[in-house]
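This report concerns only the one structure given below.
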Amino acid sequence: MVVNTVLSMMAYNYPPEKLSVYLSDDGGSNLTFYAMLEAANFSKTWLPFCKKFKVEPMSPEAYFRTASEPLNVQEWPSVKRLYEEMKMRIEITTKLNQIPEHIYKQHKGFREWNFVTSKRDHQTILQILIDGRDTNAVDIEGNPLPTLVYLAREKRPQFLHHFKAGAMNALIRISSKISNGPIILNVDCDMYSNNSESIKYSLCVFMDEEKGDEFGYVQFPQSFDNLTKNDIYGCSFRVIQKLEVHGLDANGGPCFIGTGCFHRREALCGKKYEKNFRFDLKKLNNTKVNERASLLEETCKVLASCTFEHNTTWGKEMGLIYGFPAEDIVTGLSVQCRGWKSMFLDPERDGFLGVAPITLLQLLVQHKRWTEGHLQVFLSKYCPLLYGYKKIPLKLRLAYCAYNLWAANCLATLYYVVVPCLCLLKGITLFPKISSPWVLPFAYVAFSHHAYSLGEFLWCGGTFLGWCNDQRMWLFKRTTSYLFASFETILKLLGYSQLAFVITTKVADEDVSKRYDQEMIEFGVASPMFDILATLAILNLLGSFGAIKKVTMHADKGFKVLDQLGLQILLCLVLVTINLPVYQALFFRMDKGKMPSSVTYKSIIFALLACT
């Protein structure tokens, strides 16, 4: 996957002498380094093939998976064969967990691992795999290749490494010595380039003669290439990215979402925007580095050491900000508060495609981290309302708060899921009677909100079933991810918990992938989040049974019960409908993706206790 991402970045329709690709390997794995050597070698064939036939997407895996063999392209079978051979070598090496002896001797970089204690305790490993300044660094047709650099920054147990933010800051410093490009694109390891013109699109913003100098970064949407037809886990952010974020351009620009973002180096490194200052990107990119690659590797290692940032403003005013799981949000806010604007760029062809979670637990854990990070930002000195005061428009500060307070939504949602159901079992009325005119406002709000939501979703290219899945995931996230995020944040504020960065799994086994393609929700493992989901589902099922019993068992009082408790019964039935996949996983499914028995037993006990 990493190889495909790197190759897609190298294959942009852009002068290769102005393009440098840097990989941060925070795992410090010699297997990843070996894969990069394979990528460097294959790029000599892949890049001219892409340019000659205008290949899109530029990820070999994605291209050969989605494209049929053209009749007039003789190179197609041979290039595909070379890719499959490279892929097989990498997979075999990874499976054996050992670098072939002849490969090990070919490159000096492997010797660095002789001094590696563990992935959390090692020296800086920096290797320039392709030196774009070298006249011998050419592809099979004699065209120059982009620079390719591998970095595993120094890690020591006694030093904080600040997760993704620390890795990014190390790359910013290293790249400033090797290539010093004025524009930096950052992408996650699973987000390959899907549009060969993305660089040019972003430069159209940065180099605009009237307003280009105002922009600190250009953000592309976070899109995925493995979504099912009806987006079973609601990962597409369809309405947010097609409608909401575009609206932020008028208020100062969107937030930085951590990937698929083009940054102006000066803005990212702490420079304040000055109204009358003009940036000449052409001159900035003419910086020449004359040191040999081997000498550069040695002199640059200190920039990625554990102690380099001590007594500096890195992580505070320069680079990505430390101390938050959502380091991207804080960093984007800081850039905007220094006077820069941002822009959301969504071309017809997606700029980048990544891997969406394919199990429910992956999704819930991912959203727990995101919402926890957002809430921590809101409760810190970087709270947009305070930190952005007199720096960014009020509308933009309020727009940030809408996302910062996602986690707090768990309280209202839990109330609507739990309290009406329990009151229904006890015969306690919460809403107006069906016969009362006061029922009309409730009916109007419920109908108009969901009709508008459905209309937006369909207008943005979704399906009706996709909207239903989106509503289901909205409920699941609010009652689990957001709840845990709120508690974790409170514990951190009280000093009972430490900052952690949970990485979303990008690889799944074949059975899980098959069920995902069939749009079956994957449970499969025990989790406190599933305990909550199952308990709430059973609770509303019991509430519905209790309501049906009250209506049918007493014919003379049935209509009276419906009149008094009609809205609560309707709410319970809606929640039961939303939770149908949970009931299937609890009681009917036999595959490995079903709900574990321990969760089933616990949820039944908890629900019965709540009812009594």
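FYI, the numbering just counts along the sequence from 1.
Aromatic ring centres of His450 and Tyr452: separated by at least 6.0 Å. Taking the ring centroids of His367 and Tyr482, they lie at or beyond the 6.0 Å cut-off. Phe523 and Phe530 have their aromatic ring centers within a separation under 6.0 angstrom. Residues Phe324 and Tyr382 place their aromatic rings such that the two centres sit under 6.0 Å apart. Checked against the 6.0 Å centroid threshold, Phe64 and Trp76 count as a close aromatic pair. Residues Phe262 and Phe220 place their aromatic rings such that the two centres sit under 6.0 Å apart.
The ring-ring contact (aromatic ring centres under 6.0 Å, His included) test applied to Tyr12 returns no partner, not counting sequence neighbours. Applying the ring-ring contact (aromatic ring centres under 6.0 Å, His included) rule to Phe215 yields no partners; only residues at least two apart in sequence or on another chain are considered. Applying the ring-ring contact (aromatic ring centres under 6.0 Å, His included) rule to Phe49 yields the partners Trp46, Phe53; only residues at least two apart in sequence or on another chain are considered. Among residues two or more places apart in sequence or in another chain, the ring-ring contact (aromatic ring centres under 6.0 Å, His included) test is passed with Trp340 by Tyr273, Phe279. The salt bridge (charged side-chain N to carboxylate O under 4.0 Å, His left out) check on Asp231 picks up nothing, with sequence neighbours excluded.
Within a 6.0 Å sphere centred on CD of Gln518, heavy atoms belonging to other residues, nucleotides or ligands number more than 12. Residue-environment remark: NZ (Lys242) stays at or below the threshold of 12 foreign heavy atoms within 6.0 Å.
With hydrogens and angles left out, the side-chain atoms of Ser342 and Gln336 include a donor and acceptor closer than 3.5 Å. Glu522 and Tyr233 are not linked by any side-chain donor-acceptor pair at a separation below 3.5 angstrom, with hydrogens and angles left out of the test. Between the side chains of Thr489 and Glu372, no donor-acceptor pair is found at a separation under 3.5 Å.
Contact of the Cys460 side chain with the Leu243 side chain is registered, since non-hydrogen atoms from C-beta on lie closer than 4.5 Å. The shortest side-chain heavy-atom distance between Leu248 and Phe344 does not fall under the 4.5 Å cut-off. In this structure, Asn404 and Pro384 have side chains that are in contact, with non-hydrogen atoms separated by less than 4.5 Å. Counting heavy atoms from C-beta on, the side chains of Leu375 and Ser486 come closer than 4.5 Å. Looking only at side-chain heavy atoms (C-beta outward), Pro581 and Arg472 come within less than 4.5 Å of each other. Between His161 and Phe163, some side-chain heavy-atom pair lies under the 4.5 Å cut-off.
For the pair Asn4 (side chain) and Glu61 (backbone), a donor-acceptor distance under 3.5 Å is present. Between the side chain of Ser43 and the main chain of Leu47, no donor-acceptor pair closer than 3.5 Å is present. Side-chain N or O atoms of Thr5 include one that pairs as donor or acceptor with a backbone N or O of Met1 at under 3.5 Å. Although no hydrogens or angles enter the test, the distance criterion places a donor-acceptor pair under 3.5 Å between the side chain of Thr479 and the main chain of Phe476. Side-chain N or O atoms of Ser8 include one that pairs as donor or acceptor with a backbone N or O of Ser193 at under 3.5 Å. Looking only at distances, no side-chain donor or acceptor of Arg264 sits under 3.5 Å from a matching main-chain atom of Ile183. A donor-acceptor pair is defined here as one N or O able to donate and one able to accept, closer than 3.5 Å; such a pair exists between the side chain of Asp190 and the backbone of Val355. Side chain of Gln362 to backbone of Ile358: a donor-acceptor contact under 3.5 angstrom is found. In this structure, His263 contributes its side chain and Arg265 its backbone to no donor-acceptor pair below 3.5 Å.
We find that Glu56 and Arg349 are joined by a salt bridge, their nearest charged nitrogen and carboxylate oxygen being less than 4.0 Å apart. In this structure, Glu488 pairs ionically with Lys492, as a charged nitrogen and a carboxylate oxygen lie closer than 4.0 Å. Look at Asp328 and Lys164 and you find no salt bridge, because none of the NZ, NE, NH1 or NH2 atoms lies under 4.0 Å from a carboxylate O.
Once rounded to the nearest 0.5 Å, the distance linking CG of Leu203 with CG of Asp208 reads 12.0 Å. Arg173 CZ to Met168 CE: the interatomic distance, rounded to the nearest 0.5 Å, is 11.5 Å. In this structure, CG in Leu23 is found 5.5 Å from CE in Met36, a value given to the nearest 0.5 Å. In this structure, CG in Leu411 is found 8.0 Å from CG in Leu483, a value given to the nearest 0.5 Å. Going from atom OG1 of Thr147 over to atom CG of Leu19 covers 8.5 Å, rounded to the nearest 0.5 Å. In this structure, NE2 in His246 is found 8.5 Å from CG in Leu345, a value given to the nearest 0.5 Å.
Checked options Asp470, Thr463, Asn469; the residue passing with Asn230 is Thr463 (criterion: side-chain hydrogen bond (donor to acceptor under 3.5 Å, both in side chains)).
For the pair Arg238 and Phe457, the distance from NZ or CZ to the six-membered ring centre is under 6.0 Å and the angle to the ring normal is within 45 degrees.
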Does the pair Ser179 and Tyr22 meet the rule for a side chain to side chain donor-acceptor pair (under 3.5 Å), with working shown? CA-CA 10 Å; Ser179 55; Tyr22 296 79; 2.6 Å; yes
Report the C-alpha distance between Lys200 and Glu197 in whole Å, list the side-chain angles of each, state the deciding distance to 0.1 Å, and finish with yes or no for salt bridge (charged side-chain N to carboxylate O under 4.0 Å, His left out). CA-CA 5 Å; Lys200 293 180 180 178; Glu197 304 295 337; 3.8 Å; yes
Could you check Asp225 against Arg65 for salt bridge (charged side-chain N to carboxylate O under 4.0 Å, His left out), going step by step and ending with a plain yes or no? CA-CA 11 Å; Asp225 76 342; Arg65 184 181 68 241; 3.0 Å; yes
Set out, in order, the CA-CA distance, both residues' side-chain angles and the distance that settles side chain to side chain donor-acceptor pair (under 3.5 Å) for Arg369 and Ser481, then state yes or no. CA-CA 8 Å; Arg369 174 166 63 83; Ser481 303; over 6 Å; no
Intermediate values then yes/no, side chain to side chain contact (heavy atoms under 4.5 Å, CB included), Tyr201 and Asn195: CA-CA 10 Å; Tyr201 292 158; Asn195 190 327; 3.6 Å; yes
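Residue Glu266 comes nearest to Pro182 through the heavy atom pair OE1-O, 4.3 Å, listed as atom of the first residue, atom of the second, then distance. Pairing each heavy atom of Gln219 with each of Gly260, the nearest pair is NE2-O, 3.3 Å. Taking all atoms of both residues into account, the shortest heavy-atom contact from Asn226 to Tyr516 is O-OH, 2.7 Å. Contact between Met10 and Pro146 at its shortest, heavy atoms only, is O-CG, 3.6 Å. What you find for Met9 and Met191 is that their closest heavy atoms are CE-O, 3.5 Å. In terms of heavy-atom proximity, Glu317 sits nearest to Ile321 at N-CD1, 4.4 Å.
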Going by atom type alone, with no hydrogens or angles, which donor-acceptor pairs under 3.5 Å involve a side-chain atom of residues 387-398 and a protein atom two or more places apart or on another chain?
unit_1: Lys391; atom_1: NZ; unit_2: Tyr387; atom_2: O; d: 3.3
unit_1: Lys395; atom_1: NZ; unit_2: Asn251; atom_2: OD1; d: 3.4
unit_1: Arg397; atom_1: NH1; unit_2: Leu385; atom_2: O; d: 3.1

